[in-house]
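Report on the following structure.
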Amino acid sequence: MKLYYSPGACSLSPHIALMEAGLAFEPVLASTKSHKLQDGTDYYTINPLGYVPVLELDDGTRLREGPAIVQYIADQAPTKNLAPANGTLQRYRLQEWLTFIGTEVHKGFSPLFNPAIPEEVKVIFKDKLKSRYQWLNAQLEGRDFLMGEHFSVADGYLFTVTNWTKPMNIDLSPYPHVQAWHARVGARPAVQAAMKAEGLIK
Ligand SMILES: N[C@@H](CCC(=O)N[C@@H](CS)C(=O)NCC(=O)O)C(=O)O
């Protein structure tokens with residue numbers, strides 16, 4: 001398998017999932033700025049939509065969209081408990097989290113990275129994000145992970161986007177359960193390994 005990624009982008013989520021799953025894969029750097037691979041290949045020939053992540057299977061099939069990719073990875077390593085079994089209510093609970101993270105958190109951050117959006121408009125997006133972190137804080141009270149006592153691919157995804165609070169100057173101290181959860185996830189060996197592989201930590 002190949003994972004097309006950009007350091008610190010949302011592709012860190014499937015990177016973490018692959019490390020947690022212990023699956024063999026080749027990370028392929030795809031710049032989200034130049035949309036070129038290191039060998040000069042036009043990334044739009046890999047993903048016509050231009051974004052990471054893309055997971056390429058050994059038969060050349062390409063899978064897009066982070067929430068689908070991380071579930072695929074989890075299902076390749078069922079003993080690692082990264083996602084509840086398909087068809088169970090808990091699996092839908094995981095999908096509920098992945099959808100929430102994708103649409104309410106991840107895409108809530110996206111305008112903040114856009115230099116064309118004026119600062120006064122960004123404040124509105126930041127306030128919306130803060131309300132989502134307030135909700136997450138309440139959900140994480142008394143829980144080690146989003147799904148309860150087990151780490152899941154939803155934690156890897158939320159960890160990835162929560163890392164962006166720092167460069168975007170969103171203070172997490174009003175959300176102590178989110179802060180404790182972020183530290184817990186960040187300390188996992190697989191998460192550390194993915195972050196190191198992307199050059200985000202030493
Ligand atoms: N819907 C996609 C969105 C992925 C996405 O937003 N990727 C960003 C990085 S976090 C990207 O590659 N942006 C560069 C671009 O769109 O050209 C998913 O959930 O996987």
Side-chain angles (χ1 to χ4, degrees), residues 1-21 23 25-57 61-76 82-83 91-117 121-122 125-126 128-129 132-133 136 146 152-170 182 185-186 191 194-195 197-201:
M1 278 188 293
K2 285 183 185 171
L3 175 69
Y4 293 92
Y5 80 102
S6 178
C10 52
S11 44
L12 177 64
S13 162
H15 203 164
I16 290 170
L18 284 161
M19 294 293 198
E20 291 277 355
L23 298 172
F25 70 101
E26 180 192 339
V28 181
L29 189 59
S31 167
T32 50
K33 291 206 174 87
S34 67
H35 298 99
K36 295 241 184 294
L37 303 185
Q38 282 183 305
D39 67 4
T41 302
D42 179 358
Y43 184 60
Y44 286 101
T45 65
I46 309 291
N47 180 5
L49 294 166
Y51 51 68
V52 291
V54 166
L55 187 71
E56 189 172 296
L57 310 187
T61 304
R62 291 185 184 132
L63 197 56
R64 279 191 300 271
E65 303 303 327
I69 292 172
V70 294
Q71 290 184 74
Y72 177 85
I73 293 167
D75 288 342
Q76 303 313 299
L82 298 172
R91 182 59 169 249
Y92 297 108
R93 196 60 80 196
L94 175 81
Q95 290 170 351
E96 185 181 46
W97 274 126
L98 291 171
T99 306
F100 176 82
I101 299 162
T103 59
E104 300 294 331
V105 189
H106 178 178
K107 286 298 150 183
F109 274 103
S110 300
L112 306 184
F113 289 102
N114 187 338
I117 296 183
V121 178
K122 286 184 179 169
F125 287 108
K126 275 191 189 178
K128 185 76 172 232
L129 271 174
R132 299 310 182 231
Y133 276 100
L136 282 162
L146 288 170
S152 74
V153 289
D155 294 291
Y157 189 16
L158 184 61
F159 175 83
T160 295
V161 297
T162 299
N163 285 345
W164 303 338
T165 55
K166 206 170 175 188
M168 291 304 141
N169 289 317
I170 294 175
H182 188 255
V185 173
V191 175
M195 302 256 291
E198 296 198 5
L200 303 173
I201 54 170

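Both ligands and their constituent atoms are indexed starting at 1 by order of listing.
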[X] neighbourhood, listing ligand 1 atoms whose heavy-atom distance to it stays under 4.0 Å:
{"X": "Gly66", "result": "18 (C), 19 (O), 20 (O)"}
{"X": "Pro53", "result": "20 (O)"}
{"X": "Thr32", "result": "11 (C), 12 (O), 14 (C)"}
{"X": "Glu65", "result": "1 (N), 2 (C), 18 (C), 19 (O), 20 (O)"}

Can you label the angle between the Trp164 ring and the His106 ring as parallel, tilted or perpendicular, going by 30° and 60°?
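Rings of Trp164 and His106: perpendicular, over 60°.
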Describe, in one word, how the ring planes of Phe109 and Phe113 are oriented to each other, choosing from parallel (under 30°), tilted (30 to 60°) and perpendicular (over 60°).
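Geometry flag for Phe113 against Phe109: tilted rings.
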Looking at ligand 1, would Arg64 count as a contact under a 4.0 Å heavy-atom criterion?
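Under 4.0 Å: no for Arg64.
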Would a 4.5 Å heavy-atom cut-off, applied to side chains only, mark Leu55 and Phe25 as touching?
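Counting from C-beta outward, Leu55 and Phe25 never come under 4.5 Å.
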Are the side chains of Leu3 and Pro53 in contact, using a 4.5 Å heavy-atom criterion?
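When only atoms from C-beta onward are counted, Leu3 and Pro53 do touch, with a gap below 4.5 Å.
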Tell me the protein heavy atom at minimum distance from [atom], and give that distance in Å.
{"atom": "atom 9 (C) of ligand 1", "result": "Cys10 SG, 3.5 Å"}
{"atom": "atom 16 (O) of ligand 1", "result": "Tyr51 CB, 3.5 Å"}
{"atom": "atom 7 (N) of ligand 1", "result": "Val52 O, 2.9 Å"}

Donor-acceptor contact below 3.5 Å, side chain Ser11 vs main chain Ser6
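Pair found, side chain donor or acceptor close to backbone of Ser6.
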Tell me whether Glu198 contacts the main-chain N or O of Ala194 through its side chain, where contact means a donor paired with an acceptor under 3.5 Å.
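It does not hold such a pair.
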Using heavy-atom distances, let me know which of His35, Lys33, Lys107 sits nearest atom 6 (O) of ligand 1.
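Among His35, Lys33, Lys107, the closest heavy atom to atom 6 (O) of ligand 1 comes from Lys107.
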Consider side-chain hydrogen bond (donor to acceptor under 3.5 Å, both in side chains). Of Asp155, Asn163, Thr165, which one does His182 pass it with?
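Looking at Asp155, Asn163, Thr165, the match for His182 under the side-chain hydrogen bond (donor to acceptor under 3.5 Å, both in side chains) is Asn163.
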